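Notes to accompany the following structure.
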Amino acid sequence: MIDINLIRENPEKIKKLLAKKMWEADFKELLEWDTKRKELLIQVESNKAEQNRLSKSVPLVKKSGGNVDEIFAKVKELGEKNKHSETLLIELEKKINDFLIALPNIPDEDLLGGGKENNKAIVTFGKKPDFKFTPKDHVALAESLGLIDFERGAKIAGRGSWIYTGKGAQLEWALINFFIAEHLKDGYEFILPPHLLNEESGYVAGQFPKFKEDVFWLEGIEPQRFLLPTAETALVNFHRNEILANEELPKKYFAYTPCYRREAGSYRTEERGTIRGYQFNKVEMVQYTAQEGSDAAFLEMVAKAEKLVQKLGLHYQVSKLAAGDISHSMARTYDIEVWIPSIGIYKEVSSVSNARDYQARRGMVRYRDKESGKTKFVHTLNGSGLATSRIFPALLEQHQQADGSVLIPECLQPFMGGLKVLKPIK
RNA sequence: GGAGACGUACCCAAGUGGUUGAAGGGGUCGGUCUUGAAAACCGAUAGGGGCGAGUAACCCGCCAGAGUUCAAAUCUCUGCGUCUCCGCCA
């Protein structure tokens with residue numbers, strides 16, 4: 001949620017920044033509501049003060065044997081007079097809140113406007129592999145190596161599902177274990193959250209109201225629950241309605257969960273295999289920082305995600321996303337995109353974002369500032385570290401050999417019983 | 001799934017309709033004292049709003065929401081949560 005004060009102060013500036021996200025904002029009505037709200041509030045409050053003052057005198061008047069009927073009548077009258085204004089006030093506040101909660105986060109000022117076409121690669125690591133043979137694509141490799149069973153996946157679950165089998169399951173789990181080990185080394189706390197979350201968690205994370213259709217909702221359970229689309233949703237709600245101490249910041253967490261997404265719409269042919277599905281595995285990092293600490297935390301998290309891809313020996317690039325391509329709740333996002341030879345494009349394996357105080361405002365996550373002694377909203381950041389479903393194909397394709405085998409990166413070998421090569425089974 | 005009890009501030013806790021616009025204790029922080037510490041004593045310890053700045057008076061705030069009443073922590077209803085017992089279950 002955007003701070004309404006920013007809009008009060010400089011609506012034109014906010015409007016321009018939101019336009020970079022291709023979001024057309026009109027604050028005229030909002031500001032009218034806001035002014036009206038203030039007037040009503042002052043009126044209602046002074047009425048209440050009068051009511052309170054009179055009520056307070058009742059026991060005293062009674063004690064001294066005076067007549068209280070007059071006071072009763074007066075207070076009742078004031079109360080009735082106030083009721084109407086109070087109802088109006090509540091309605092206005094709801095309107096204001098509904099308006100604010102639907103607004104996307106304000107993008108950082110240095111970002112280019114517009115969509116994907118304005119994303120900029122700012123880092124490139126490694127090179128596109130130069131194959132001296134005809135390389136296979138990841139689907140063919142996964143099948144010939146016996147790593148993933150797409151047919152049986154479709155049989156038992158339907159389109160968009162797959163099964164990791166044998167060495168494939170081991171490789172998948174090795175990736176997750178490798179990520180976990182790295183995050184622990186970096187001092188992040190390991191969290192295993194529930195996968196079924198209540199509606200409020202979706203609101204706080206900023207996924208709702210906009211993306212309510214994009215998650216899976218469960219029937220037959222109260223309160224209504226949805227399957228988390230990313231562990232971020234759970235992690236940024238961890239400290240909801242809490243006031244943290246300045247000293248405990250930054251808080252660094254990571255979680256492993258599957259991610260469940262409806263992915264409504266069509267699958268492009270380039271998104272075969274595990275590139276896009278209803279369920280994929282991801283290790284997610286989240287930080288809660290003081291306001292002045294979030295820029296450094298952002299760079300730290302980008303570097304962490306990069307380091308993981310580097311250790312896997314994969315060619316990738318880092319893209320600084322244009323304002324219109326970053327998600328609703330975020331102010332800034334860098335994507336780490338790994339090269340997938342068969343498709344000829346770089347695919348996102350990690351998205352690192354700074355939400356600044358957008359999520360914290362929704363979830364009332366604050367900290368006490370040491371200097372001023374006042375409460376401030378924390379900044380929340382999240383980044384994949386990493387999602388496996390695109391690392392897996394990139395790894396198969398980039399590390400494939402002429403004989404159809406695939407070399408396992410050194411960092412994963414300890415998690416696979418020392419296995420160095422995956423060999424075709426057919 | 002059935003039955004019951006409970007929810008007060010950082011923690012414990014008093015409070016069954018009116019000087020409670022929340023007692024008391026513990027903890028924590030600050031101060032006095034001390035060479036230093038402990039003890040003792042004094043003070044602070046609730047956020048939010050009006051108001052993105054101070055002060056004073058003000059409004060909201062006892063899990064959340066609604067209601068009864070001149071007046072609600074206190075009475076009623078609904079929701080959420082915690083605990084205990086029974087049943088079922090991996």
Side-chain angles (χ1 to χ4, degrees), chain A residues 1-11 13-14 27 30-31 33-98 100 106 194-204 220-226 237-248 290-292 356-358 360-379:
Chain A
M1 180 146 43
I2 298 181
D3 184 355
I4 192 170
N5 284 310
L6 294 172
I7 300 171
R8 281 183 193 140
E9 237 175 39
N10 200 340
K13 182 180 164 193
I14 302 302
F27 298 128
L30 177 76
L31 291 170
W33 294 337
D34 186 48
T35 312
K36 182 76 186 152
R37 186 190 83 96
K38 197 178 290 179
E39 280 169 24
L40 271 172
L41 191 67
I42 289 166
Q43 185 196 326
V44 166
E45 283 192 2
S46 58
N47 259 340
K48 285 209 164 170
E50 177 70 2
Q51 269 176 272
N52 287 345
R53 200 181 57 77
L54 286 170
S55 287
K56 201 175 70 176
S57 70
V58 167
L60 296 172
V61 173
K62 262 189 180 169
K63 214 176 256 177
S64 63
N67 189 345
V68 290
D69 290 348
E70 212 173 292
I71 301 177
F72 286 178
K74 179 82 183 147
V75 173
K76 191 165 194 173
E77 191 198 318
L78 276 172
E80 267 153 24
K81 219 169 86 187
N82 226 12
K83 213 165 218 170
H84 180 65
S85 311
E86 267 185 288
T87 313
L88 282 178
L89 184 62
I90 289 165
E91 276 169 17
L92 265 182
E93 281 176 344
K94 185 174 173 352
K95 271 196 210 167
I96 291 168
N97 191 59
D98 287 350
L100 289 175
I106 303 166
H195 301 177
L196 313 184
L197 303 179
N198 58 25
E199 194 166 348
E200 196 182 348
S201 295
Y203 271 99
V204 169
I221 185 171
E222 284 297 325
Q224 281 253 290
R225 275 162 238 237
F226 64 97
N237 276 279
F238 194 62
H239 290 295
R240 186 160 90 205
N241 294 323
E242 290 181 26
I243 299 174
L244 305 168
N246 211 153
E247 305 77 76
E248 35 180 350
Q291 296 187 350
E292 56 283 359
R356 305 210 180 270
D357 63 1
Y358 184 89
R361 267 176 202 285
R362 291 171 167 246
M364 292 301 280
V365 188
R366 291 164 291 169
Y367 66 101
R368 198 172 297 281
D369 183 54
K370 229 177 176 176
E371 300 256 308
S372 61
K374 296 203 167 158
T375 57
K376 287 184 174 176
F377 289 103
V378 300
H379 281 190

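These figures come from a predicted structure and were not determined experimentally.
The same atom, P, is picked in B:A64 and in B:C10; the two are 13 Å apart, to the nearest Å. A distance of about 16 Å separates the C1' atoms of B:A73 and B:A46, rounded to the whole Å. Across B:C12 and B:C62, the matching C1' atoms stand 15 Å from one another, rounded to whole Å. Comparing the same atom, C1', in B:A23 and in B:U8 gives a spacing of 12 Å after rounding to whole Å. Atom P of B:A56 sits at a distance of 12 Å from the matching atom of B:U45, rounded to the whole Å. B:C75 and B:G87: their P atoms are spaced 34 Å apart (whole Å). Using P as the reference atom, B:C83 and B:A71 are 38 Å apart when rounded to the nearest Å. With both ends at atom C1', the span from B:A9 to B:U20 equals 14 Å, rounded to whole Å.
Looking at heavy-atom distances under 4.0 Å, A:K376 makes no contact with the nucleic acid at all. At a threshold of 4.0 angstrom between heavy atoms, the contacts of A:K74 with the nucleic acid are absent. Nucleic acid contact for A:N52: sugar-phosphate only, since backbone atoms but no base atoms lie under 4.0 Å from a heavy atom of the residue. Nucleic acid contact for A:I71: none, since no nucleic acid atom lies under 4.0 Å from a heavy atom of the residue.
Around CD of A:E70, the count of heavy atoms belonging to other residues, nucleotides or ligands within 6.0 Å does not exceed 12.
Note on A:D34 versus A:K38: no salt bridge recorded, every NZ/NE/NH1/NH2 to OD/OE distance being 4.0 Å or above. With respect to the salt-bridge test (charged N to carboxylate O, under 4.0 angstrom), the residues A:R368 and A:E248 do not qualify. Under 4.0 Å is where a charged nitrogen must lie from a carboxylate oxygen, and between A:R240 and A:E200 at least one such pair does. Looking at A:K83 and A:E86, no side-chain N of the basic residue comes within less than 4.0 Å of a carboxylate O on the acidic one, giving no salt bridge.
Rounded to a whole Å, the CD1 atom of A:I42 is 11 Å from the C1' atom of B:G49. Between A:M364 atom CE and B:G61 atom P there is a gap of 16 Å when expressed in whole angstrom units. Nucleotide B:C51 holds its P atom 15 Å from the NZ atom of A:K374, rounded to whole Å. In this structure, CG of A:N5 is placed 5 Å from P of B:G52, rounded to the nearest angstrom. Atoms CD (A:Q51) and P (B:A72) sit 9 Å apart, rounded to a whole Å. Between A:E242 atom CD and B:C10 atom P the separation is 12 Å, expressed in whole Å. As a whole-Å value, the separation of A:E200 CD from B:C80 C1' is 11 Å. Following rounding to the nearest Å, A:N241 (CG) and B:G48 (P) show an atom-to-atom distance of 13 Å.
Remark: B:G61 base-pairs with no nucleotide; criterion is Watson-Crick or G-U wobble with both hydrogen-bond distances under 3.5 Å. Judged by Watson-Crick or G-U wobble contacts below 3.5 Å, the nucleotide B:C41 has B:G31 as its partner. Base pairing of B:A23: no nucleotide in any strand meets the Watson-Crick or G-U wobble criterion (both distances under 3.5 Å). Using Watson-Crick or G-U wobble geometry with both donor-acceptor distances under 3.5 Å, B:A90 finds no partner in any strand shown. Pairing for B:G50 is absent, with no Watson-Crick or G-U wobble pair whose two atom distances lie under 3.5 Å. When Watson-Crick and G-U wobble pairs are counted only if both distances are under 3.5 Å, B:U16 pairs with no nucleotide at all. In this structure B:C85 sits in a base pair with B:G2, meeting the Watson-Crick or G-U test at under 3.5 Å. Here B:C75 sits opposite B:G67 as a Watson-Crick or G-U wobble pair (both hydrogen-bonding atom distances under 3.5 Å).
Mapping A:I7 and A:V75 onto RNA chain B via the closest heavy atom, the residue that lands nearer the 5' end is A:I7. Between A:D3 and A:E45, it is A:E45 whose nearest contact on RNA chain B lies nearer the 5' terminus.
Set against B:G52, B:C70, B:C59, the side chain of A:E9 has B:G52 as its closest nucleotide. Side chain of A:K38, nearest nucleotide from B:C70, B:G48, B:G50: B:G50. In this structure, the nucleotide among B:G49, B:G47, B:G52 sitting nearest to the side chain of A:R368 is B:G47. In the set B:G54, B:C51, B:G47, B:G47 carries the atom at the smallest distance from any side-chain atom of A:T375. Here the side chain of A:K48 is nearest to one of B:A53, B:C60, B:G47, namely B:C60. Listed nucleotides B:G52, B:C59, B:G49 differ in distance to A:A49; the shortest reach to its side chain belongs to B:C59.
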Exercise. Carefully, step by step, assess A:R53 and A:E50 under the rule salt bridge (Lys or Arg N to Asp or Glu O under 4.0 Å).
Key: CA-CA 5 Å; A:R53 200 181 57 77; A:E50 177 70 2; 3.3 Å; yes
Quiz prompt | Check against side chain to side chain donor-acceptor pair (under 3.5 Å), A:N198 and A:S201 | solution = CA-CA 6 Å; A:N198 58 25; A:S201 295; 3.1 Å; yes
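For the pair A:V365 and A:N237, the minimum side-chain heavy-atom distance is 4.5 Å or more. Contact check for A:H84 versus A:T87: no side-chain heavy atoms found under the 4.5 Å cut-off.
Within the structure, a side-chain polar atom (N or O) of A:R37 is placed less than 4.0 Å from OP1 or OP2 of B:G50. A:R8 has a side-chain polar atom (N or O) that falls below the 4.0 Å cut-off from OP1 or OP2 of B:G52.
Distance alone, capped at 3.5 Å, places no donor-acceptor pair between the A:Y367 side chain and the A:E242 backbone.
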Anything under 3.5 Å between a protein N or O and an N or O of nucleotides 17-19 of chain B, put it in a table, one pair a line.
from: B:G18; atom 1: O6; to: A:K62; atom 2: NZ; distance (Å): 3.0

